[in-house]
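Step one of this worksheet: look at the structure below.
Computed from a predicted model, the values in this text were never measured in an experiment.
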Amino acid sequence: MPKKHSSDRIFKGPEHAPHRSLFKALGMTNEEMKRPLIGVVSAFSEIIPGHIHLDKIAEAVKAGIRMAGGTPVLVPAIGVCDGIAMGHPGMRYSLPSRELIADSVETLALGHCFDGMVLVPNCDKIVPGMLMAAARINIPAIVASGGPMMAGQLSDRRLSLTDMFEAVGAYKAGKISLDQLTAREDAACPGCGSCSGMFTANSMNCLTEALGMALPGNGTIPAVSGERIRLAKLTGMQIMQLVEKDLRPRDVLTNEAFDNALRVDMALGCSTNSVLHLCAIAHEAGVPMSLERINAMSEQTPNLCRLSPAGADYIQDLHLAGGIPALMRELSQGDLLHVKLKTVAGQTLEEILRTAENRNPKVLRTLETAYSQTGGIAILKGNLAPRGAVVKRSAVAPEMLVKICTAQVFDSEEEAISAIYAGKIQSGDAVVIRYEGPRGGPGMREMLSPTSALAGMGLDKDVALITDGRFSGATRGAAIGHIAPEAANGGTIALVQNGDRISIDIPNGKLELLVPEKELKDRAAALTPFHPKVERGWLFRYQRMVGPADIGAVLQ
């Protein structure tokens, strides 16, 4: 009996002649309408450097689909460039765009009866947004990302976008000249691809491999490589196998697959944003996820890799060392992975890892030579963050792992940046930025500008930054984000005053405001109710519907 497809509802039978007539208006032939209909969801645009080449990736995917007997149709997805949106109100749209992307992929796929999807993202919110949609609608799907940017080069020094934000701080502090700033500007981002360190985009592309939703190499093959085009073609061919076998995202996105992703996250030292996104993807997949689970994984997983901003290496170096398969093989040596799991590659993880090899133990350390026996991300709790906060432990200077700081409080990112550039922040301070959470922002803006300014001024080993907003993966230093509950929901961070003492104890997972409980109750009683910053448009709806950071800031 012939296999049934979703597209039968628009391609087969006399009653669907009107549908076929519309496809013929697109130039489609009868022969093409006899084949499975595969949506190629491309986030190509001319505003995001990580996406400027996705037209070529999507064309390669389409070629692979045709070679394997399918009919590809290209459809769009939006995206926000976090680097361009950084440091101004445009960043409010970054995290909310994840929900728009998930909803639009669902709409296009189910509205047009796709039999399968190849998802073509590359940057921050686009990767998790597409994965959320794949888990939600659960038709055969696979990811073909655009790949990382090469590191920039200036004389004998390699650069990335994070160096530019830090260079601004160095310039403001008089440490470099305007000519030196411009020279770095010209060299930092040499071409297409997701920014070259272990920032959020590359974190999520690597974790897509770990989840089993992309072919090996998806996270690390450089954007400018011919190997990336070949991978896209192979991905287009592989979706036809997934459709034939009816292997769906929820068959792959199991509880054990999220365990593997968390292990890889901690071993790599991924962006703190990965916590938000893994929680959101798990939510759509129906897999329980909590900060406690994430912290337990961190405590049990060694940190094997420190790419920029935590170290001097870049994604291209990890690729040459063997990529994510090599890292996962290292973890499997310690029995830290579930290796019997299905993947979209058509192989189990165990089969993939048989041919993996660590070709550079200096870039990718072994279990015996790990940077630390705990993972790159830590969850902190205490009276300042009763439901949790997140810090990239692997990028924190040893001097800041345990510290008591003096609060300098700001009710927006802009206020904090002005104070930092004006030299008002001193060694031993904790810059507290509040009302920047999912609801309060709205949109939970990233705080790369203030953290980079502190680093550029040489204060990253002396000053903490604490916020109910979030941080770019390019951030380094004692940057503690995702404070929950957020200030807009009456969280303790709304009660902090200038001069308060804050105790940070990252090794023991503690974050405490050193103010007596009675004083905090009195402050809470006098607290002015939060007034929303946005009163129209999409963000007005978003701030009423968004959930807290500790459950992934998913819409409720």
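- Within 6.0 Å of CZ on Phe410 lie more than 12 heavy atoms contributed by other residues, nucleotides or ligands.
- Minimum interatomic distance between Met400 and Ala464 (heavy atoms only, all atoms of both residues): CE-N, 3.7 Å.
- Tested against Met204, the residues Val143, Leu211, Asn273, Ile281 include a single side chain to side chain contact (heavy atoms under 4.5 Å, CB included) partner, Ile281.
- The main-chain N or O of Ala151 is found under 3.5 Å from a side-chain atom of Gln316 such that the two form a donor-acceptor pair.
- Of the options His482, Arg470, Arg393, Glu446, a side chain to side chain contact (heavy atoms under 4.5 Å, CB included) to Thr272 is made by His482 and by none of the others.
- Within 6.0 Å of CG on Leu178 lie more than 12 heavy atoms contributed by other residues, nucleotides or ligands.
- A heavy-atom distance below 4.5 Å is not found between the side chains of Arg387 and Ile483.
- A salt bridge between Asp468 and Arg434 is absent, with no side-chain N of the basic residue lying under 4.0 Å from a carboxylate O of the acidic one.
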Worksheet entry | Steps toward side chain to side chain contact (heavy atoms under 4.5 Å, CB included) verdict (Ser274, Ile377) | CA-CA 10 Å; Ser274 64; Ile377 290 176; 3.6 Å; yes

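- Proximity of a side-chain donor or acceptor of Asp500 to a complementary backbone N or O of Gln497 within less than 3.5 Å is detected.
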Item to complete: Before giving the answer on side-chain hydrogen bond (donor to acceptor under 3.5 Å, both in side chains), spell out for Thr200 and Ser271 the whole-Å C-alpha distance, their side-chain angles and the decisive distance to 0.1 Å.
Response: CA-CA 5 Å; Thr200 305; Ser271 163; 2.8 Å; yes

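- Checking Asn303 against Ser372 by side-chain atom types alone, no donor-acceptor pair falls below 3.5 Å.
- Between the side chains of Asp82 and Ser94, at least one donor N or O lies within less than 3.5 Å of an accepting N or O.
- With Asp163 contributing its side chain and Ser160 its backbone, the two residues share a donor-acceptor pair below 3.5 Å.
- A 4.5 Å side-chain heavy-atom check between Thr451 and Phe471 finds at least one atom pair inside the cut-off.
- With rounding to the nearest 0.5 Å, the separation of CZ in Arg536 from CZ in Arg541 is 13.0 Å.
- With Ser104 contributing its side chain and Leu100 its backbone, the two residues share a donor-acceptor pair below 3.5 Å.
- Side chain of Thr301 to main chain of Met266: no donor-acceptor pair is present (N/O by atom type, distance under 3.5 Å, no hydrogens or angles).
- Counting heavy atoms from C-beta on, the side chains of Cys195 and Asn202 never come closer than 4.5 Å.
- Here the side chains of Met444 and Leu276 are in contact, with some heavy-atom distance below 4.5 Å.
- In plain terms, the two heavy atoms of Ala453 and Ile420 that are nearest each other are CB-CG2, 3.8 Å.
- One finds the OH atom of Tyr314 at 4.5 Å from the OG atom of Ser308 (value rounded to the nearest 0.5 Å).
- Lys424 has no carboxylate O lying under 4.0 Å from a charged side-chain N of Asp429, or vice versa, which leaves the two without a salt bridge.
- Listed for the Glu436 side chain is no donor-acceptor partner under 3.5 Å among the backbone atoms of Ser412.
- For Thr406 and Arg501, the side-chain atoms include at least one donor-acceptor pair closer than 3.5 Å.
- Atom-to-atom distance recorded for Lys175:NZ and Leu181:CG is 14.5 Å, nearest 0.5 angstrom.
- Note on Glu413 versus Arg92: no salt bridge recorded, every NZ/NE/NH1/NH2 to OD/OE distance being 4.0 Å or above.
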Item to complete: Show your working on side chain to side chain contact (heavy atoms under 4.5 Å, CB included) between Cys405 and Ile504 and close with a plain yes or no.
Response: CA-CA 8 Å; Cys405 298; Ile504 300 166; 4.3 Å; yes

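- With Phe540 as the aromatic partner, Arg544 meets the cation-pi criteria of under 6.0 angstrom to the ring centre and within 45 degrees of the ring axis.
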Item to complete: Could you please spell out the steps behind the side chain to side chain contact (heavy atoms under 4.5 Å, CB included) verdict for Thr467 and Leu465?
Response: CA-CA 7 Å; Thr467 182; Leu465 199 151; 4.3 Å; yes

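- Contact of the Arg293 side chain with the Phe258 side chain is registered, since non-hydrogen atoms from C-beta on lie closer than 4.5 Å.
- For the side chain to side chain contact (heavy atoms under 4.5 Å, CB included) test with Ile324, the passing option among Leu268, Asn218, Leu207 is Leu268; the others fail.
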Practice prompt. Could you check Arg523 against Glu519 for salt bridge (charged side-chain N to carboxylate O under 4.0 Å, His left out), going step by step and ending with a plain yes or no?
Written response: CA-CA 6 Å; Arg523 292 183 189 180; Glu519 170 67 15; 3.0 Å; yes

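- With hydrogens and angles disregarded, no donor-acceptor distance shorter than 3.5 Å links the side chain of Asp186 to the backbone of Ala183.
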Worksheet item: Yes or no on side-chain hydrogen bond (donor to acceptor under 3.5 Å, both in side chains) for Ser394 and Arg306, after CA distance, side-chain angles and deciding distance?
Response: CA-CA 7 Å; Ser394 59; Arg306 290 193 174 174; 4.7 Å; no

Worksheet entry | Intermediate values then yes/no, side-chain hydrogen bond (donor to acceptor under 3.5 Å, both in side chains), Arg98 and His277 | CA-CA 9 Å; Arg98 188 187 70 181; His277 299 323; 3.1 Å; yes

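- Distance check, rounded to the nearest 0.5 Å: CD1 of Ile126 to CD1 of Ile78 gives 8.0 Å.
- Asp460 has a carboxylate O that lies under 4.0 Å from a charged side-chain N of Arg476, or vice versa, which qualifies the two as a salt bridge.
- For the atom pair CD of Glu486 and OH of Tyr435, the computed distance is 10.0 Å after rounding to the nearest 0.5 Å.
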Worksheet entry | Derivation and outcome, side chain to side chain contact (heavy atoms under 4.5 Å, CB included), residues Asp317 and Arg158 | CA-CA 12 Å; Asp317 302 311; Arg158 293 199 293 178; 2.7 Å; yes

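- Around the CD atom of Gln556, the shell of radius 6.0 Å holds more than 12 heavy atoms that belong to other residues, nucleotides or ligands.
- For OH of Tyr171, the number of neighbouring non-hydrogen atoms (other residues, nucleotides, ligands) closer than 6.0 Å is 12 at most.
- Surrounding NZ of Lys381 are more than 12 heavy atoms belonging to other residues, nucleotides or ligands, all under 6.0 Å away.
- At a threshold of 4.5 Å between non-hydrogen side-chain atoms, the residues Ile48 and Cys123 count as touching.
- Using a distance-only test at 3.5 Å, with no hydrogens or angles considered, no donor-acceptor pair links the side chain of Asp313 to the main chain of Leu307.
- Side-chain atoms of Lys125 never come within 3.5 Å of backbone atoms of Pro96 as a donor-acceptor pair (strictly under, hydrogens ignored).
- Looking at Cys192 and His51, their side chains never come closer than 4.5 Å, going by heavy atoms from C-beta outward.
- Atoms OG1 and CD, on Thr374 and Glu299 in that order, are 6.0 Å from each other to the nearest 0.5 Å.
- Proximity of Arg439 to Tyr542: side-chain heavy atoms (C-beta onward) are nowhere separated by under 4.5 Å.
- A donor-acceptor contact shorter than 3.5 Å links the side chain of Gln153 to the backbone of Ser155.
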Fill in: Stepwise side-chain hydrogen bond (donor to acceptor under 3.5 Å, both in side chains) check, Asn122 with Asn205
CA-CA 7 Å; Asn122 209 27; Asn205 283 323; 3.3 Å; yes

